[in-house]
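Each chain gets a letter, A, B and so on, in the order the sequences are listed, and its residues count up from 1. All values below come from the heavy atoms of this structure, side chains included, with hydrogens, waters and symmetry mates left out.
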Amino acid sequence: MIDYQLLKSDEGFQRVLQSLARRGDALSADTLKEAADARRKIIREVEALAAERNAESKRLGELKAQGKDAEFDALREKMKSVADRLKIAKEEESHVEENFQTLLSRLPNILDAEVPDGKSESQNVVVREVGDIPRFAFDVKPHYEIAEAENLVDFERGVKISGARFYVYNDKIARLERRLANFMLDTHAAAGYSERSVPIIVKDECMFGTGQFPKFADEYYRMEKDGLSLIPTGEVPLTNLYADEILNDADLPINLMAFTPCFRREAGSAGKDTRGLIRVHQFYKVELVKFVRPEESEKEWRALTADAERILQKLGLTYRVLALCAGDMGFTSSITYDLEIWMPGLKRWLEISSCSNFKDFQARRAKIRYKNAAGKNEYIHTINGSGVAAGRLVAALLEYHQNADGSVDWAAIEKKIDLS
RNA sequence: GGAGCGGUGGCUGAGUGGUCGAAAGCGGCAGUUUGCUAAACUGUUGUACUAGGUAACUGGUACCGAGGGUUCGAAUCCCUCCUGCUCCGCCA
């Protein structure tokens, strides 16, 4: 949620519109302004009526205490009509307010000035590239061919029990993912992240707090009967841990991490990445989340990005850092750097982490504040990123460590994890 | 799943229809005292929205788990829901 006080001033209003335009979001300026103005108008009306009612009700109490029954009855009759008018005005207010809140909750975050212009992912900007594109003396297979040939992943039975885009890991690869989880968590623990094991089923308000609801509700698994959803990322439970709380300045920054499964319906991606382990309904990942003072959020966001990169560096994977352009940015983020690893088998870059600074956008939705040095309650800034996606990491390691005969060099993988 | 009792400010806890944003205590902040700390004493101390003001601030409205209802007026009465605790049942 953006700071809606921005809509009250012309400069603020222009800032919001400019950011929307850069994102390619065609929300009409008039719609927004009308809703904001209508809201303020009806609030004034309701408050005036309520003030009258309160003042006269107080007098009624006094009249009754003094036993002035005739005056009491007359005033009470008069106040009935005020009460009626107030009731009608309040009903209108709730409609207007709801309309305004809906509009507001669907408004994306304001872009950081550093976000490059651009309409789609093709205009994302490469910030840096780390490592060389690995060369092989033979034709490198994509991970799914290796996995199938070596009986590492049982795609067929995954589909049998759960449907398309589900899979089963067998033996060594199951163990590899488990080991990678430990490796990543231990690495981040050393960098100061505190581990949490969290529920992976959350209430609607959590999904709202981090920005998944209401605009993108179709992309997630929601259990209608219970009003609960399977988390699409550990970001949701981790960030909402502090919802409705006022944190102490001295406790910031707070760095949390969790290894969780993630569930995504992948609606609208039919036919995309249908083979392999790249786009699935359930995968595992380590999520990093920071709660920080506003003035430190840029620094902390860069630090979190570096923390995610450390995993790739330790495993010797070639990757690049991308600054997402305005048109490719997520709804809740103010600025995002994606980490993409080079996949020698797929022969393309693959997103394995997305590190975002949400500024106060999520904090405002989830009501996460802190008492600043001046003693004032202020929204904190939230930052998060994957550190990193386990499934894609597994896929990458298979491609990086395959032998000419199509088998996997497990010893080399083990050695990397042990040494790092 | 059944039964019972609760949910009030940062915390503890009073309040069962009117002057209650809400007693009291604790905590926090400021001051007096003090070599320093502590103690004592005095004052002060919620949030959001809204109107005005450059601002400090001033006025108004709302908030006693959430949402509805009754009433001129609700923390207080009624309904629904959520949630906590205790006991029973079931169970990894």
Side-chain angles (χ1 to χ4, degrees), chain A residues 1-13 33-105 197 199-209 213 222-229 240-252 360-361 363-380:
Chain A
M1 203 103 78
I2 65 163
D3 179 3
Y4 96 100
Q5 297 286 1
L6 279 173
L7 303 178
K8 283 173 86 174
S9 72
D10 277 345
E11 310 94 89
F13 190 67
K33 198 152 185 59
E34 271 169 29
D37 290 346
R39 171 176 174 274
R40 245 169 293 142
K41 188 177 167 224
I42 190 70
I43 283 176
R44 276 200 299 270
E45 192 180 327
V46 166
E47 289 189 351
L49 283 168
E52 183 182 357
R53 179 203 62 191
N54 290 348
E56 300 292 17
S57 287
K58 206 172 196 175
R59 243 187 85 207
L60 271 170
E62 288 163 7
L63 290 175
K64 193 171 192 182
Q66 293 162 13
K68 296 178 177 170
D69 290 348
E71 282 181 56
F72 178 88
D73 289 341
L75 186 55
R76 195 178 63 176
E77 279 311 306
K78 186 188 154 203
M79 290 319 290
K80 275 184 182 171
S81 83
V82 173
D84 286 345
R85 278 191 288 152
L86 181 59
K87 193 176 175 182
I88 291 165
K90 270 188 173 169
E91 266 166 35
E92 193 189 337
E93 183 193 22
S94 75
H95 288 137
V96 170
E97 182 72 35
E98 196 187 330
N99 178 40
F100 177 70
Q101 288 299 335
T102 302
L103 219 54
L104 199 64
S105 68
S197 177
I200 58 171
I201 297 176
V202 297
K203 297 179 182 177
D204 288 345
E205 59 209 70
C206 294
M207 295 291 276
F208 180 86
F213 285 0
R222 181 169 182 278
M223 290 161 284
E224 185 66 39
K225 217 172 175 178
D226 306 291
L228 297 168
S229 299
N240 281 286
L241 285 179
Y242 293 117
D244 292 313
E245 293 193 27
I246 297 174
L247 306 171
N248 293 319
D249 181 66
D251 295 336
L252 300 178
D360 60 6
F361 190 86
R364 187 168 280 111
R365 290 171 87 96
K367 299 189 180 67
I368 310 173
R369 291 171 296 177
Y370 81 110
K371 209 169 266 299
N372 66 21
K376 284 276 183 190
N377 293 338
E378 190 178 357
Y379 288 109
I380 52 117

Student: So, taking the atom named CD in A:E56 and the one named CD in A:E62, what distance separates them when rounded to the nearest 0.5 Å?
Tutor: 10.5 Å
Student: Atom pairs under 3.5 Å, N or O on each side, protein against nucleotides 75-78 of chain B: can you list them with distances?
Tutor:
none

Student: Is A:E97 salt-bridged to A:R39, going by a charged N under 4.0 Å from an acidic O?
Tutor: yes
Student: Using the P atoms only, state how far B:A62 lies from B:G73, rounded to an integer number of Å.
Tutor: 12 Å
Student: Tell me, what's RNA chain B's dot-bracket, Watson-Crick or G-U with both distances under 3.5 Å, | for other-strand, [ ] crossing?
Tutor: ((((((((.[[[..)..(.....]]]((((((.......))))))(((((((....))))))).[[[[[..)....]]]]])))))))....
Student: What donor-acceptor contacts under 3.5 angstrom involve side-chain atoms of residues 69-85 of chain A, with partners at least two apart or in another chain?
Tutor:
| from | atom 1 | to | atom 2 | distance (Å) |
| --- | --- | --- | --- | --- |
| A:E77 | OE2 | A:K80 | NZ | 3.4 |
| A:S81 | OG | A:K78 | O | 3.2 |

Student: Is NZ or CZ of A:K33 both nearer than 6.0 Å to the six-membered ring centre of A:F13 and within 45° of the ring axis?
Tutor: yes
Student: Look up atom CG in A:L104 and atom CZ in A:R365, then write down how far apart they are to the nearest 0.5 Å.
Tutor: 8.5 Å
Student: Please list, chain by chain and in numerical order, all residues satisfying ring-ring contact (aromatic ring centres under 6.0 Å, His included) with A:F213, sequence neighbours excluded.
Tutor: none
Student: OP1 or OP2 of B:A62 sitting under 4.0 Å from any side-chain N/O of A:R53?
Tutor: yes
Student: Give the minimum heavy-atom separation between A:D204 and A:S229, together with the two atoms involved.
Tutor: OD1-OG, 4.2 Å
Student: Would you say A:N248's side chain and A:A250's backbone share a donor-acceptor pair under 3.5 angstrom?
Tutor: no
Student: Provide a list of protein-nucleic acid N or O atom pairs under 3.5 angstrom, restricted to nucleotides 15-23 of chain B.
Tutor:
| from | atom 1 | to | atom 2 | distance (Å) |
| --- | --- | --- | --- | --- |
| B:G18 | N2 | A:S57 | O | 3.0 |

Student: Out of curiosity, A:D360 CG to A:I380 CD1, how far, rounded to the nearest 0.5 Å?
Tutor: 9.0 Å
Student: How does each nucleotide of nucleotides 45-51 of chain B score, in 5' to 3' order, for protein heavy atoms under 4.0 Å: base (B), sugar-phosphate only (S), or none (-)?
Tutor: --S-BSS
Student: Can the ring centres of A:Y4 and A:F100 be said to be less than 6.0 Å apart?
Tutor: yes
Student: Between B:U61, B:G73, B:U70, which one does the side chain of A:K87 approach most closely?
Tutor: B:U70
Student: For nucleotides B:A51 and B:C41, find the distance between their C1' atoms and express it as a whole number of Å.
Tutor: 41 Å
Student: Could you say whether A:A48 or A:L75 is positioned toward the 5' end of RNA chain B, judged by the nucleotide with the nearest heavy atom to each?
Tutor: A:A48
Student: Between B:G60, B:C72, B:G69, which nucleotide has the shortest distance from any of its atoms to the side chain of A:A51?
Tutor: B:G60
Student: Could you work out the separation of B:U16 and B:A30 based on their C1' atoms and round it to a whole Å?
Tutor: 38 Å
Student: Taking all non-hydrogen atoms of both residues, which atom of A:G209 and which atom of A:N240 are closest, and how far apart?
Tutor: CA-OD1, 4.1 Å
Student: For A:L86 and B:U70, what is the distance between atoms CG and C1' respectively, to the nearest whole Å?
Tutor: 15 Å
Student: Can you tell me, in whole Å, how much space there is between the P of B:C77 and that of B:G6?
Tutor: 12 Å
Student: A:R85 CZ to B:U71 P: how many Å, rounded?
Tutor: 18 Å
Student: Does CD in A:Q66 sit with more than 12 non-hydrogen atoms of other residues, nucleotides or ligands closer than 6.0 Å?
Tutor: yes
Student: Using the P atom in both, what is the distance from B:C29 to B:U47, to the nearest Å?
Tutor: 16 Å
Student: Taking atom CG of A:L49 and atom CD1 of A:I88, what is their separation to the nearest 0.5 Å?
Tutor: 10.0 Å
